Every structure is written in structure tokens, then in C-alpha cells.
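In what follows, a structure is listed as C-alpha cells, so that the remarks can point back to it.
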2 protein chains.
Amino acid sequence: MSSNAFFPDFSRRTLLSALAVLPVLPQIFSAAAAQTAAAADPLPSWNDGASKQSIINFVTAVTREGSPDFVPAPQRIATFDNDGTLWSEHPMYVQLAFALDRVKAMAPLHPEWKSKQPFKAVLDGDMKSLAKSGERGLAELIMVTHAGMTSDEFAKIVTDWLATARHPRFKRPYTEVVYQPMLEVLAYLRANGFKTYIVSGGGIEFMRPWSERVYGVPPEQVVGSSIKTRFEMRQGRPELFRLPEVNFIDDKAGKPVGINEFIGRRPIAAFGNSDGDLQMLQWTTMSGGMRLGLIVHHTDAEREYAYDRDTEFGKLDKALDAAAINKWTLADMKKDWKVIFPPGQ
Amino acid sequence: MSSNAFFPDFSRRTLLSALAVLPVLPQIFSAAAAQTAAAADPLPSWNDGASKQSIINFVTAVTREGSPDFVPAPQRIATFDNDGTLWSEHPMYVQLAFALDRVKAMAPLHPEWKSKQPFKAVLDGDMKSLAKSGERGLAELIMVTHAGMTSDEFAKIVTDWLATARHPRFKRPYTEVVYQPMLEVLAYLRANGFKTYIVSGGGIEFMRPWSERVYGVPPEQVVGSSIKTRFEMRQGRPELFRLPEVNFIDDKAGKPVGINEFIGRRPIAAFGNSDGDLQMLQWTTMSGGMRLGLIVHHTDAEREYAYDRDTEFGKLDKALDAAAINKWTLADMKKDWKVIFPPGQ
């Protein structure tokens, strides 16, 4: 993440200070620069081939005035799954790693956890017993680590954790274990007038504190799962408290529902990697007109991971069958991607 | 609504076709035009006075680089209530007028309604009996008229209704019974790098079909109340069905909750007109830094309506007390506004 290409906001403000021009001018410069780069090669980390070409063909067609496939800029909505599509989801969801670390950090205040499941399993590093606690145990872990504070406090906890946590295999901050080729797709789409959204099963308030810095996607363009919150005046101050109660699960058939509720427009491009994204890709691509559906296929055990039909999470089975039927693009990690992660700092 | 100032998307596309330029260029032209207009008088329908000045002072302070009150553009979020703040809510909420008209339109398919409350009351025009049916009766009317179709179908029903429905007193389409001075505030804020949102107790899918055309607020910047939807593949087509079940009520303490969920940023300016907006204004203004809270005070029975503490809906009581304590701006319709509605077509 050494390049400023993924910090459009930062570069805009730098320009603004330097030039003391109209607030809109920096957008012109950055868009123009992006277009120049795009003319060279908008997706330099992608090997030439059918997958790369399908992305470029799509963007070219929907942005060419007078083309039968032209789509006006306000309708250029692209939605991206996060876990396994923009960043690595193995060996476990990053948000689960966060929850486990939080249990350990909170343990001194909860001596009873030493003998109470599923907390004992977490503190003992006993993944087998943790798995036995099932969905109910997992929900308990999530609630105890994600609720009971204000939204502002939670954002700080997430930010602080990401600053020091490291991916167990790649030894880098999780926010650097993101896919360089997909960062290029995000930037390429935005340079062509698209609004890029994250639509993830992950927690909306877990992603928003860093989505703009890492993906160039501002908080208001992040859709995700959520717990309920309550507004309250406390000691004369307005606060939003996070409650241990599910509000919305933004996964599978929930993704089109979330897209409709939060965005209110139907996307024309959608990117996923698992059966959790099937309905989002159906909703996006089966609506007439030129559309792009793309599935990141994890085929590279050497540089990342290889999994599809037989994995526990991030399972790609029905969506793999649907990809063939609906002519969605398969991005074969091993074959299509020159690099997986951004260069180190 | 004869001016293109309130149709930024339309004017952008016209320019685009005419000039065949980069997709970003029209933004420059319209922003530059807006800034020129702003330099002359950004709020020409406002009489000079403390209310108008407080809006201009706020915008000037938060947009001046180097000022202690400067707020970077991405954080310039402004939220607007709709009913009574952007368009007239008397003699009844527009969405209620819609529901009553829908009952009449649907009645031939429901002969049983002739003898069944609250439908009978609607068909007989018997508002007294309708009122007697209370919240439960109202909820029944809303569900039967707002659920049972796809989201796309509902958008078309709303659009078709607005094309022919007229405000009973002003004899104009409801989308023209909007407040010209507030349209100017919306445009003025956007010309200064603000993102303008609607945050309304009204139905989110009732507002989205026309919010961009009327207010320049795109669907993805509309937050509102909603019913649940279900995604389903039906005869090989992906569809979103509207269900007769409440999902979220975006009113009172629900407004900060909705703002946090949909936008994920705290606004720095908020505009309302009733106790339903109290918490939104608290959440916005009580957060340190220069903030703007504004309440539209309906004081003009001659040109619109006059109501505050003793009204049935749009009640302004606690929020009026809070305005004095928190130094929120009161926009006195009679005193502060030169005109109420846009010039006729």
C-alpha cells in the first residue's frame, strides 16, 4: 500500500492545498491522471487473457457515448464482496480473528471465562472445542466483543487492533493482505465514473473505519451486516450504543435486499468469490443490458490459498455452476494475477 | 420547477451530449455556475436577517481552508427531513394521500372493503371513522397499499400517482409543493462540497423514485422508513418482493440510528421541522466543532400553514425548546422566506 493510487482523498487534499483552486478541480486532475494511466494499462497486475479482457470490454462498452450499451454515470454502480474478494479470508475470517483477540484482551475483567465455554476454548487456543460450540457459541463471542460500547468506541477498538494485528501466514497487517489486482479494478471503475460499494457479510462498523484508506471506498458506500444500536442522551451527550442483538445479515439472499435498501439502485457490475455472493450476482447481471459478474477463484495455494467446493467458509459451489450458465467472469488467481498483494511498505 | 437548477442530472447530461467531453467536465461547469450564482446571492429566496446569515456564516466557516472550523469535503454531510422541511405535510402527509388514493384504485378488486374498516371509511371519505381506526388501521392501510408487489413495481406505482395527483389546496403536483428556499439551501451546500441526504420518517421507496429530479438528491442518499423485502428467483428472474412487515422506522431516536447505519458518518448540518427531528439535530450539533441545526417554523397560514405545539402531525414542541437552548436556527416561514414554492411551470 505504498502507492497513493489507493488514497484518492489524500491526493485530492494535497492538490487542493497546493493550488488553492475550486473544490472540484482536484477531481478533474485525479480523474485525468487515472484516465492517462488507464490508457496505458488500467489493470497492470492482471495477466492478459479472457478475464482481464472481459473487464475492459465491459467498462469500455458502458462508458462509450452513443453505444447501445452506454450507461449514464449515476447508474454506474459496482458492488464488491469483501472477505475472499478484496482481502484474504483464510485461515479464518479477519473479523473472527478480531473477536478471538478481543476475548483475550477482555479476559482479565472476566475471570469466569476461564471455566466457561466458548470463552475457555478461546483462552486455551482450543479450536476444536470452539468449533463444537457451534453457531450459538460463535454468536455469543461476537456479541460480547462487538456490543456494549458506543459506535465511536467500537471504531477505535477496531482501528487500534488493525494497527498491531498481523496475518498469521503473511506476517503483514490484515489491511495489506488485500488483492492488488482488485484494488486496480476498484480504481479503474472509479476513474470511469463508477461508484464502488462494498457489500459484505462482515460487520458494517468493522469495515467502515478503514475502507476508505485501504480501498478508497468511503463509509457511506459500505453495506454489511449489523447489530442494533440505540440512541440515548447520556449525561447531556448524544450517544449511539451497540446492542447484543442482530439487526441485519448481509449475506446470500440478504445481499440484494441490502443493496436495495442502502443503495436503492441496481448495480451493473458485481464481484464475489463464494455462494454467499450468488444472489448479488444474479440480481446484478440478470436485468437486461450489458452487465459484469466476476468471481474470484482461489486457485493458488502457493501464493495465497486454493479452495472452492469443499471448504468450510468462502464455499464456492452453486455460484461456480451459475458462473458457467450466466457467463460470469472467473478470475483464476493463479493464472490471471501477476501479483496477489500490494508491494510491502 | 421551471428552472434547471433543480435538475442537475438533467443539465449534466445535456451538456455531456452537446460537448462530447470527459464525463467529469459537466460537473465543473455546473459547479462553476453554482459558485457564480452563490457569489451573487446563494439564497435569493431568503430575506436578509439572522436566519439566512447563520446558514452563510456556517458554510463560509467550514469551507475556508486554514480556518479553525474547516471541515474536509468528505466529512461535509448534511441531512434533511422531508415532510414539513422540504415539502408541505398539510393537510395530510403526502404518503397518506397516496395510500388513500391507492385504496380507491384497488377497491374494484376488493369488494369486501365496502363493508370492512378501515377501508370503508376511506371509500366513503369518512375521515372521522378513519381516525377512529387508529394506528392499527393506518398500519393496515399502509401495508395493503405498500406491500405485495416488487420494488420495481412499487416505484412505478408511486411515479404514476405523482404524475396526476394534486395538492388539494395549491392544485399543483405534490413535487411542486416543495420549499423554494430549501431547494436553494440544498444547492448551496452541494456547490460547497456537501453531500446532501434526506433522512425522513417517510418510506424510503416512496421517496427514491423522484428525490433526484425534485431535490437533486440521488436514491443512494435517501434514508427513510422501510418494510421488509425478500429476494427470490421467480420463473428464472431475480425479484425483490415487498412484504407487509415493518423493517425500520426512521423517526425520532431512529433518525441518528438510520444516519449511522446508512451513512456511517456524523452530519455537520441537519434540517428539520418537528419533534421527529429532535434527536437528529442533537446527534448532529452536539459533537464539538462548528455545526448547523435549522428548524423550519411553519408560521405562515396565508401562504402555507401555521402550526407548532398544538398540531396533530409535524408537532414542534420539544424541538422548539431545544432550539433555544442549543442555538439552532429558526427559519420563520413568514418572516424569512420571500417565496414558499417554486414558480409554476
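Just so it is clear, the structure is predicted and the values come from calculations on it, not from any experiment. Residue numbers start from 1 in every chain, and the chains themselves are labelled A, B, ... in the order their sequence lines are given, proteins ahead of strands.
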Exercise for the section: Under 4.5 Å, counting heavy-atom pairs only, tell me which of A:K255, A:E261, A:Q221, A:M233 racks up the most with chain B. Expected result: A:E261
Fill in the blank from the handout: Value for CZ (B:F231) from NZ (A:K252), rounded to nearest 0.5 Å, stands at 13.5 Å
Completion exercise
The interface call for A:S151 against chain B, heavy-atom contacts under 4.5 Å, is side chain
Problem - B:G264 versus A:P219, closest heavy-atom pair with distance - result: O-CB, 3.9 Å
Handout entry: Part of B:I263 lying under 4.5 Å from any heavy atom of chain A
Key = both
Practice task
Could you look at A:E232 and say if it's the side chain, the backbone, both or neither that has a heavy atom under 4.5 Å from chain B?
Solution key: neither
Exercise for the section: Tell me, out of A:A253, A:S287, A:P256, who's got the most heavy-atom pairs with chain B below 4.5 Å. Expected result: A:P256
Exercise for the section: Could you tell me which portion of A:L240 (side chain, backbone, both or neither) has an atom closer than 4.5 angstrom to a non-hydrogen atom of chain B? Expected result: both
Practice task
Give, for atom CD of A:E239 and atom CH2 of B:W283, the distance between the pair rounded to the nearest 0.5 Å.
Solution key: 6.5 Å
Practice task
Output the option from B:R208, B:M286, B:R230 having the highest count of non-hydrogen pairs under 4.5 Å with chain A.
Solution key: B:R208
Handout entry: Test applied, salt bridge (charged side-chain N to carboxylate O under 4.0 Å, His left out); reference residue, B:E220; option that passes from A:R266, A:R76, A:K195
Key = A:K195
Exercise for the section: Find the distance between CD1 (B:I259) and OG1 (A:T229) and round it off to the nearest 0.5 Å. Expected result: 11.0 Å
